[in-house]
Number of protein chains: 2
Amino acid sequence: MTSTDAQPLRPTRQRKAVAAALEGCNEFRTAQQVHEALRGGGDTVGLSTVYRTLQAMADAGEIDMLRSDAGEASYRRCSDTHHHHLVCRSCGATVEVEGPTVEKWTRAVAEQHGYSEVSHTLEIFGTCSNC
Amino acid sequence: MTSTDAQPLRPTRQRKAVAAALEGCNEFRTAQQVHEALRGGGDTVGLSTVYRTLQAMADAGEIDMLRSDAGEASYRRCSDTHHHHLVCRSCGATVEVEGPTVEKWTRAVAEQHGYSEVSHTLEIFGTCSNC
DNA sequence: TGTCGGTTTGACACTGGTTCTCACCAGAAT
DNA sequence: ATTCTGGTGAGAACCAGTGTCAAACCGACA
């Protein structure tokens with residue numbers, strides 16, 4: 001029910017546009033920003049569609065989602081492997097980082113307290129050298 | 001400007017009530033839940049006041065705030081020292097954990113990429129032994 | 001190539017958490 | 001007691017995100 005219903009996800013004009021907007025972009029962008037960028041670029045894509053598409057892409061693991069301090073979701077094109085983000089607080093420039101030690105540590109701590117099915121979120125914020 | 005304007009934060013009936021609602025409670029609670037709990041307990045405190053108070057307490061470092069997957073803020077009475085949370089996905093039971101290794105690692109990674117003024121967020125989710 | 005059924009789209013209404021507003025209240029200072 | 005100042009709260013406003021539903025679209029198949 002939740003596994004083998006992977007519909008091919010038709011590559012419509014809108015979906016391509018959203019994907020393109022995220023391609024070649026190093027920062028996290030909110031749905032609204034993507035929407036505006038598309039509109040600015042001449043593509044007309046409905047806001048609902050942008051939301052839907054970003055969500056679908058995030059579900060499919062094609063992009064990563066994180067929540068800003070204010071609780072808004074933002075998205076970014078990312079590599080397939082599990083990783084975390086080092087985000088510049090002022091310009092948003094993002095570096096993907098891996099931390100095998102952290103992965104191990106979280107699992108160990110969780111199991112030690114009797115927690116199973118462990119997952120975690122980890123984001124690092126700082127000010128990048130350009131800012 | 002940002003340092004010595006620490007107003008004493010008058011201990012009004014409402015503030016005491018909010019603090020009490022969070023005391024002796026091991027889970028994270030949203031503002032609305034706190035509001036309802038107070039109302040149920042006979043205390044009448046306005047929703048705005050609950051929001052304001054929780055925010056003020058979080059700013060003052062008296063409580064911790066985290067955002068649910070859906071983007072809602074929830075709060076919890078916490079110890080003063082820097083720590084992270086191991087939260088049960090289904091019942092919300094929370095354990096505070098420390099990870100000196102992780103702290104070191106995040107700082108090292110950030111500096112290695114030229115990022116300064118480093119901070120980070122780390123939460124671990126799992127299913128606790130009771131669930 | 002024309003038709004057909006399911007998929008996708010998008011304008012718009014709606015939701016629900018959070019913040020704002022502003023008249024009123026309460027305790028401290030004078 | 002009066003004044004002064006911050007705190008309160010009911011309700012309105014705000015806004016990211018979701019639901020709705022008729023129309024547009026797509027790919028397949030005849």
Side-chain angles (χ1 to χ4, degrees), chain A residues 4-22 27-60 62-76 92, chain B residues 1-2 4-22 27-60 62-76 92:
Chain A
T4 43
D5 57 355
Q7 287 148 49
L9 214 7
R10 284 190 204 162
T12 64
R13 173 181 68 81
Q14 289 88 340
R15 291 222 240 267
K16 279 185 220 154
V18 170
L22 245 37
E27 305 107 45
F28 278 86
R29 285 187 167 186
T30 66
Q32 317 245 8
Q33 285 171 332
V34 170
H35 179 239
E36 206 146 317
L38 289 174
R39 179 144 295 183
D43 280 307
T44 21
V45 180
L47 184 55
S48 317
T49 304
V50 173
Y51 272 109
R52 266 188 303 238
T53 306
L54 288 174
Q55 224 162 269
M57 291 173 81
D59 283 351
E62 289 170 42
I63 59 179
D64 275 5
M65 184 258 263
L66 74 75
R67 284 197 178 273
S68 79
D69 236 26
E72 292 144 47
S74 33
Y75 302 85
R76 177 172 180 278
Chain B
M1 271 191 190
T2 42
T4 44
D5 57 355
Q7 287 146 49
L9 213 7
R10 285 189 204 162
T12 63
R13 174 181 68 79
Q14 291 85 340
R15 293 223 240 266
K16 280 186 221 154
V18 170
L22 245 37
E27 304 105 46
F28 277 87
R29 286 186 167 185
T30 66
Q32 316 242 10
Q33 285 172 333
V34 170
H35 179 241
E36 206 146 318
L38 290 174
R39 178 142 296 182
D43 280 307
T44 20
V45 179
L47 185 53
S48 319
T49 304
V50 174
Y51 273 107
R52 263 188 307 238
T53 305
L54 288 174
Q55 225 161 269
M57 291 173 81
D59 283 352
E62 291 172 40
I63 59 178
D64 276 6
M65 186 258 262
L66 72 75
R67 285 199 179 270
S68 79
D69 236 25
E72 294 145 47
S74 32
Y75 303 85
R76 177 173 180 278

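Residue numbers start from 1 in every chain, and the chains themselves are labelled A, B, ... in the order their sequence lines are given, proteins ahead of strands. Owing to the predicted nature of the structure, the values given are computational and were not obtained by experimental measurement.
If you check every strand for non-hydrogen atoms under 4.0 Å, B:Ala70 touches nothing. Nucleic acid contact for B:Arg15: sugar-phosphate only, since backbone atoms but no base atoms lie under 4.0 Å from a heavy atom of the residue. Contact annotation for B:Ser48: base contact, defined as any heavy-atom pair under 4.0 Å involving a base atom.
When each of C:dT9, C:dG17, D:dT5 is scored by its nearest atom to the side-chain atoms of B:Arg10, the top-ranked nucleotide is D:dT5. The side chain of B:Tyr51 lies closest to C:dG17 when the candidates are D:dA16, D:dG7, C:dG17. Taking every side-chain heavy atom of A:Glu72 into account, D:dA16 is the closest of C:dG10, D:dA16, C:dT7.
Taking a pair as Watson-Crick or G-U wobble with both distances under 3.5 Å, DNA chain C forms stems of 3 or more consecutive pairs at C:1-30 with D:1-30.
Minimum interatomic distance between A:Tyr51 and A:Gln32 (heavy atoms only, all atoms of both residues): OH-NE2, 3.1 Å. Contact record, B:Leu38 with B:Ala21: CD2-CB, 4.0 Å, taken as the closest heavy-atom pair.
Atom CZ in B:Arg67 sits 7.0 Å away from atom CG in A:Asp69 (nearest 0.5 Å). Atom OG1 of B:Thr44 sits about 9.0 Å away from atom NE2 of B:His35, to the nearest 0.5 Å. Taken from CE in B:Met57 to CE in B:Met65, the straight-line distance is 13.5 Å, to the nearest 0.5 Å.
In this structure, CG of A:Asp69 is placed 13 Å from P of C:dT18, rounded to the nearest angstrom. Residue A:Arg67 contributes atom CZ, which lies 13 Å from atom P of C:dG17 at whole-angstrom precision. In this entry the distance linking CG of B:Leu54 with P of D:dT8 reads 12 Å, nearest Å. Taking atom CG on B:Leu47 and atom P on D:dG11, their separation rounds to 12 Å, with Å as the unit.
Taking side-chain N and O atoms only, B:Gln14 has no distance below 4.0 Å to OP1 or OP2 of D:dG7. The side chain of A:Thr49 contributes an N or O atom lying less than 4.0 Å from OP1 or OP2 of C:dG10. Contact annotation: A:Gln55 side-chain N/O to D:dT18 OP1/OP2 distance is under 4.0 Å.
With hydrogens and angles left out, the side chain of A:Arg52 and the base of C:dG10 share a donor-acceptor pair within 3.5 Å.
For the side chain to side chain contact (heavy atoms under 4.5 Å, CB included) test with B:Val18, the passing option among B:Thr12, B:Thr53, B:Ile63 is B:Thr53; the others fail.
Within the 4.5 Å cutoff, the side chain of B:Tyr75 has no heavy atoms near those of the B:Val34 side chain. A 4.5 Å side-chain heavy-atom check between B:Leu22 and B:Arg76 finds every atom pair outside the cut-off. Residues A:Asp43 and A:Arg13 meet the side-chain proximity criterion, which asks for heavy atoms closer than 4.5 Å.
If you check residues 27-43 of chain A against DNA chain D, the residues with a heavy atom closer than 4.0 Å are A:Gln32, listed by number.
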